[in-house]
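Heads up: numbering here begins at 1 and tracks the sequence.
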Amino acid sequence: MAKKILVVGGGGREHAIIKALKKSPDCGEIWCAPGNGGISYDAKCKNIKATDVETMVAFAAEEKFDYVVVAQDDPLALGMVDALAAVGIPAFGPDKAAARIEASKVFSKDLMKKYGIPTADYATFDDPAKVMDYIKAKGKYPVVIKADGLALGKGVLICENEEQAADGVKEIMLDKKFGASGNHVVVEEFLTGPEVSVLSFTDGKVVKPMVSSMDHKRANDHDTGLNTGGMGTVAPNPYYTPAIAAECMEKIFLPTIQAMNAEGCPFKGCLYFGLMLTPDGPKVIEYNCRFGDPETQVVLPLLESDLLKIMAACTEGTLADTEVKFSEGAACCVILASGGYPVSYEKGKPISGLTNGQLEGESSITVYHSGTALREDGTLVTNGGRVLGVTATASRLTAAITQAYAAAEKISFEKLHKRTDIGMRALKAIAER
């Protein structure tokens with residue numbers, strides 16, 4: 001029977017989830033809250049803040065949704081899945097206790113230490129003076145300083161010297177740039193090696209990893225400029241070999257799920273492993289308690305199985321019996337951002353080149369809307385820092401990158417900014433094999 005579904009969130013990740021859910025024969029009416037202008041071509045949108053748990057749950061109950069996908073980190077950390085369960089609505093995503101794996105860096109680091117899951121050496125602090133004493137005593141740079149709580153993927157500072165570290169501590173702990181998230185900090189050793197993102201489905205018992213991906217965090221070409229939420233992605237990540245995948249399953253993925261069970265907070269949903277392939281083997285940089293953005297925009301287009309069935313299996317604990325299959329091909333997503341992102345940028349710039357939010361006649365291209373709005377006259381305009389994600393799928397990565405950039409050239413708005421080197425590191429890794 002067709003299910004009436006609500007997806008909570010309003011960016012490119014949510015758009016990618018909606019596009020994938022719509023392929024399921026069991027997917028009926030689909031809503032998104034708050035959604036955005038571009039998502040409204042694919043789903044009915046309701047303007048409720050993703051963090052307004054009470055209003056969202058009341059809306060879900062009133063509309064009698066059969067299933068809710070809580071895609072954003074904040075509502076998960078606030079316990080939206082628990083609140084939905086209390087009114088009898090099944091949801092995809094971890095409950096509040098399990099969402100701490102992302103919502104508290106201190107919790108996740110202590111979990112890894114206790115259960116022997118490989119990660120960077122670290123110490124945690126709530127006193128700014130003690131942070132600097134520790135950093136000075138160690139005398140090793142670069143050093144990584146992380147805000148404990150959620151900070152829109154931006155609460156991580158890599159400091160090259162003592163002066164930068166002191167500025168970082170001031171920014172996070174004294175100036176409270178990330179609010180209460182900066183009350184506690186984690187100071188970590190700086191790891192080196194290729195980074196890999198692995199999203200995985202789990203029902204709290206088994207882990208079924210998705211295809212690996214490579215994010216590009218810096219605003220400008222050659223990995224320069226400020227850290228962003230992500231300027232583009234490719235999948236699969238060529239550094240993530242079958243041998244490394246097997247090692248990660250044995251030493252990281254399953255031990256993490258077992259650790260969460262042992263702590264009395266089993267994790268169900270999408271668990272994101274941010275990994276560094278160091279000379280000493282794979283180590284966890286971070287966990288996320290949900291799909292990554294923009295990793296989702298390259299991972300889900302390669303999914304051949306039924307996403308709704310997989311999600312329901314995660315909720316119901318039947319993932320072991322559910323097929324999770326990805327194509328052998330590749331995908332590339334190029335983010336089209338507003339000039340000035342991630343600091344300050346203008347909104348309301350008309351977007352040209354799209355028909356109903358997509359490029360006409362491009363079967364291997366999907367445009368995911370991150371920050372767009374629809375004016376009353378139907379004009380699509382920019383409404384965020386990251387505006388669109390242009391994703392191409394192809395049998396080989398080279399073709400996916402070429403096609404994504406060719407498609408991106410057909411879309412324009414004033415002060416558009418994009419990187420021109422998404423996937424170049426991956427191609428270099430393939431060439432060096």
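Between M231 atom CE and N220 atom CG the span is 7.5 Å, to the nearest 0.5 Å. Rounding to the nearest 0.5 angstrom, the gap separating the CG atom in D293 from the CD atom in E14 is 7.0 Å.
Closest approach of L374 and S40 over heavy atoms only: CD1-OG, 3.4 Å. The heavy-atom pair separating A165 from I145 by the smallest distance is O-CD1, 3.8 Å. The shortest non-hydrogen separation linking G10 to Q72 is N-OE1, 4.0 Å. Residues C314 and G269 share a closest heavy-atom pair of SG-O, 4.2 Å. The nearest pair of heavy atoms linking I17 to A71 is CD1-CB, 3.8 Å. What you find for V81 and A91 is that their closest heavy atoms are CG2-CB, 4.2 Å.
Within the 3.5 Å criterion, the main-chain N or O of S370 finds no donor-acceptor partner in the side chain of H15. No side-chain donor-acceptor contact under 3.5 Å links D421 to the backbone of M424. Side-chain atoms of R386 come within 3.5 Å of backbone N or O of G229 as a donor-acceptor pair. With hydrogens and angles disregarded, a donor-acceptor distance shorter than 3.5 Å links the side chain of T241 to the backbone of I244. The backbone N or O of V186 lies less than 3.5 Å from no partner atom in the side chain of T124, so there is not a single donor-acceptor pair. Remark: the backbone N or O of F125 is not paired with any side-chain donor or acceptor of K130 at under 3.5 angstrom. Not a single donor-acceptor pair under 3.5 Å links the side chain of S24 to the backbone N or O of D306. Counting only distance, with no hydrogens or angles, the side chain of N237 and the backbone of E195 share a donor-acceptor pair below 3.5 Å. For T228 (side chain) and K217 (main-chain N/O), a donor-acceptor pair under 3.5 Å exists by modelled atom type. No donor-acceptor pair under 3.5 Å is formed between the side chain of Y41 and the backbone N or O of Q358.
In this structure, K19 forms no cation-pi arrangement with Y368, as its terminal cationic atom is not both closer than 6.0 Å to the ring centre and no more than 45° off the ring axis.
A salt bridge links R419 with D223: the distance from a Lys NZ or Arg NE/NH1/NH2 to an Asp or Glu carboxylate oxygen falls below 4.0 Å. E362 and K410 are joined by a salt bridge, as a carboxylate oxygen and a charged side-chain nitrogen come within less than 4.0 angstrom of each other. Salt-bridge formation is detected for the pair E409/K418: a Lys NZ or Arg NE/NH1/NH2 atom is positioned less than 4.0 Å from an Asp or Glu carboxylate oxygen. Taking a cutoff of 4.0 Å between a charged side-chain nitrogen and a carboxylate oxygen, D73 and R290 qualify as a salt bridge.
Using modelled atom types and a 3.5 Å distance limit, the side chains of S352 and S412 yield a donor-acceptor pair. K109 and T119 share a donor-acceptor pair across their side chains, judged by distance under 3.5 Å alone. For the residue pair D148/S104, the side-chain donor-acceptor check at 3.5 Å is satisfied. Counting only N and O atoms by type, the side chains of T420 and D221 include a donor and acceptor under 3.5 Å apart. Checking E263 against Y115 by side-chain atom types alone, a donor-acceptor pair falls below 3.5 Å. Side chains of T278 and D280: a donor-acceptor N/O pair is absent below 3.5 angstrom, by distance only. Inspection of the E295 and S197 side chains reveals an N or O donor paired with an N or O acceptor under 3.5 Å.
In K176, the NZ atom is crowded: over 12 heavy atoms of neighbouring residues, nucleotides or ligands sit closer than 6.0 Å. Other residues, nucleotides and ligands place no more than 12 heavy atoms under 6.0 Å from the NZ atom of K46.
The aromatic rings of F92 and F291 sit tilted relative to each other, their planes meeting at an angle between 30° and 60°.
Considering L6, V8, L21 as possible partners of V69, the one that fulfils the side chain to side chain contact (heavy atoms under 4.5 Å, CB included) test is L21. Shown are Y272, F273, F267; of these, the ring-ring contact (aromatic ring centres under 6.0 Å, His included) with F253 is made only by F273. For the pairing with H369, the side chain to side chain contact (heavy atoms under 4.5 Å, CB included) check across L354, I351, V387 returns one residue only, L354.
With a 4.5 Å cut-off on side-chain heavy atoms, T192 and P279 count as touching. Side-chain contact between E162 and M132 is present, with at least one heavy-atom pair separated by less than 4.5 Å.
For the ring pair (Phe, Tyr, Trp, His ring centres under 6.0 Å) test, no residue two or more places apart in sequence or in another chain qualifies with F201.
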